[in-house]
Q: 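Have a look at this one before I ask anything.
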Amino acid sequence: MNKENLWGPWRTFGKSHHFSHVSLRETLQGGQSFDWKSLSDYHWRGKIGDVALECRWEKNLVQWRKVRIQKLKSLQVEKYFFLDQGYQNAIDELPWRSDPVLRKCISKLRGLRILRQPLDQTLFYFLLSSAKSIPQIQSIGDAVCKKYGKEIAPEIYSFPGWERLAQVSEAELRSLKLGYRAKYVAQTARLIANQDNGLEGIGDLPYRDAKKELLRLPGVGEKIADCVLLFGGNFLEAFPMDTWIEKSLEKRYALKGWKSDNKIHFARIHFGKSAGLAQQFLFSAERLGILDKK
DNA sequence: CTCCAGGAGATAT
DNA sequence: ATATCTCCTGGA
């Protein structure tokens, strides 16, 4: 790879991004995406689809640049980072006016976003996520991308796609340390490759139908389906219920003793149609331990 | 050494 | 319906 002149010029997000350093870092590396690696605490390298990108925090500005010869429009970057008015609208729909817990999360993590990632790749990473920590998911995901994808920038490999993964054996995936998840990936890949239009169209279905489609795939249960829909399908109503959020709801909303199904029901009613965005604020706030401080 | 992670699927009640 | 066990791997 030609290292000279690899990166194009830095471009700057509009003023209304509202990110803080913390909320930007949390957006990129807080567990919704596994594409971003830090070069420093203020500088990340990652990808959007098959295009390699860098992103940095520079004196309250957020800047990005891409590999010069790769194609990506500013508009696509803005869409990926949810920079449009839809973000503020979604925040406005949350019940922060009457919910002090949520108000605190939003205030402390101003600018935190749900990324609009490609659905196929999001499904892949979350199939790997069960009983794994963020660094582990990133590590085994990267191993697969490195072996079957393209190197689109130094140390950045593209997601090879389900068609390609359909040609890989479970044993080979196991050799990449996927463990029992290897079977999920291998079987899901074959199923998708044999479908007429692959995963296309899922993003256009109503939430319930899209979820039903994903639940047909081996290794995809309630939690992972909602992660894929929220982080890779632009379904802000999807509410992934992991053990962290479950504990958080018990503690912050006095739901101790409630069954999981009832907790989800509470979340949908209470947080409304952008419940997934609320989930992300809660999740990050718990992760960073900023709810117990004043 | 044992335990258990940001889960899903199979099996048994 | 709900409870329990197992599945790989790596880190505490």
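Below, read A as the first sequence line, B as the second, and so on, with proteins coming before strands; counting in each chain starts at 1.
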Q: Going by purine N1 to pyrimidine N3 plus the second Watson-Crick contact, or the G-U wobble pair, all under 3.5 Å, which nucleotide sits opposite B/dC1?
A: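 Per the H-bond distance test, none.
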Q: With a 6.0 Å cut-off on the ring centroids, do A/F81 and A/H17 count as close?
A: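 Centroid distance A/F81-A/H17: not below 6.0 Å, so no.
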Q: Output the rounded distance in Å from CD (A/E222) to P (C/dT2).
A: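 Atom-to-atom, A/E222 to C/dT2, this comes out as 13 Å.
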Q: How is A/K259 classified with respect to the nucleic acid when contacts are heavy atoms under 4.0 Å: base, sugar-phosphate, or nothing?
A: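 A/K259: backbone/sugar contact only, no base atoms under 4.0 Å.
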Q: Does A/E250 form a salt bridge (Lys or Arg N to Asp or Glu O under 4.0 Å) with A/K263? I'd like the steps, not just the answer.
A: CA-CA 9 Å; A/E250 287 174 2; A/K263 290 191 191 122; 2.9 Å; yes
Q: Send over the distance from A/E246 CD to B/dG7 C1', rounded to a whole Å.
A: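 Taking atom C1' of B/dG7 as the reference, CD of A/E246 is at 12 Å.
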Q: Quickly work out the A/K132 NZ to C/dT9 P distance and round it to whole Å.
A: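 One finds 8 Å between P of C/dT9 and NZ of A/K132, rounded.
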Q: In whole Å, I'd like the distance from the OH atom of A/Y184 to the P atom of B/dA10.
A: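 Interatomic distance, OH of A/Y184 to P of B/dA10: 8 Å.
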Q: Is there a side-chain contact between A/R174 and the phosphate of C/dC8, meaning an N or O under 4.0 Å from OP1 or OP2?
A: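 Yes, A/R174 has a side-chain N/O under 4.0 Å of OP1/OP2 on C/dC8.
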Q: Starting at the 5' end of DNA chain B, which residue's closest nucleotide do you reach first, A/F283 or A/V220?
A: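 Whichever sits nearer the 5' end wins; that is A/F283.
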Q: NA contact type, A/G219, heavy-atom cut-off 4.0 Å: base, sugar-phosphate, or nothing?
A: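 A/G219: backbone/sugar contact only, no base atoms under 4.0 Å.
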Q: Between A/K104 (side chain only) and A/D99 (backbone N and O only), is there a donor and an acceptor less than 3.5 Å apart?
A: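 Looks like no, no N/O pair under 3.5 Å.
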Q: So A/P240, base contact, sugar-phosphate only, or nothing? Heavy-atom distance under 4.0 Å.
A: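 The answer is nothing, as A/P240 stays clear of every strand by at least 4.0 Å.
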Q: For C/dT2 versus B/dG6, give the span between their P atoms, rounded off to a whole number of Å.
A: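 It comes out at 25 Å once rounded to the nearest Å.
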Q: Below 6.0 angstrom between ring centroids: does that apply to A/F231 and A/F126?
A: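 Between A/F231 and A/F126, the centre distance is under 6.0 Å.
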Q: Regarding C/dC7, can its base be found pairing with the side chain of A/R181 as donor and acceptor, where the two atoms are less than 3.5 Å apart?
A: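 A donor-acceptor contact between them is absent.
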Q: Is any NZ, NE, NH1 or NH2 atom of the basic residue among A/E286 and A/K247 found under 4.0 Å from an Asp or Glu carboxylate oxygen of the other?
A: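 Judged by the 4.0 Å cut-off on N to carboxylate O distance, A/E286 and A/K247 do not form a salt bridge.
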Q: Between B/dA8 atom C1' and A/L217 atom CG, what is the distance in whole Å?
A: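 My rounded result for the distance is 13 Å.
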Q: Once you apply a heavy-atom cut-off of 4.0 Å, does A/K177 come out as touching a base, just sugar-phosphate, or nothing?
A: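 Sugar-phosphate only.
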Q: Please classify the nucleic acid contact of A/S133 as base, sugar-phosphate, or nothing, using heavy-atom distances under 4.0 Å.
A: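 A/S133: no heavy atom of the nucleic acid under 4.0 Å.
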Q: Please answer whether C/dC8 and A/Y180 are stacked, defined here as ring centres separated by less than 5.5 Å and planes angled under 30°.
A: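 Check failed, A/Y180 does not stack on base of C/dC8.
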Q: Examine the side chains of A/Q195 and A/R190 and answer whether a donor and an acceptor come within less than 3.5 Å of each other.
A: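 Side chains of A/Q195 and A/R190: no pair found under 3.5 Å.
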Q: Does C/dC8 have a Watson-Crick or wobble partner in any strand here, with both distances under 3.5 angstrom, and which is it?
A: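 Checking every strand shown, C/dC8 finds no partner, since no pair has both distances under 3.5 Å.
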Q: Atom CD1 of A/I134 and atom P of C/dG10: how far apart are they, to the nearest Å?
A: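 Rounded to the whole Å, the gap is 18 Å.
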Q: With P as the reference atom in both, quote the distance from C/dC5 to B/dC3 in angstrom, rounded to an integer.
A: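 The answer is 13 Å between these two P atoms.
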Q: Want to settle it: does A/F126 or A/L215 sit nearer the 5' end of DNA chain B, counting the closest nucleotide to each?
A: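 So the residue in question is A/F126.
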Q: Would you mind reading off the distance between A/N262 atom CG and C/dA1 atom P, rounded to a whole angstrom?
A: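 About 13 Å, once rounded to whole Å.
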Q: For A/E286 and B/dG6, what is the distance between atoms CD and C1' respectively, to the nearest whole Å?
A: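 Checked: the CD to C1' distance equals 13 Å.
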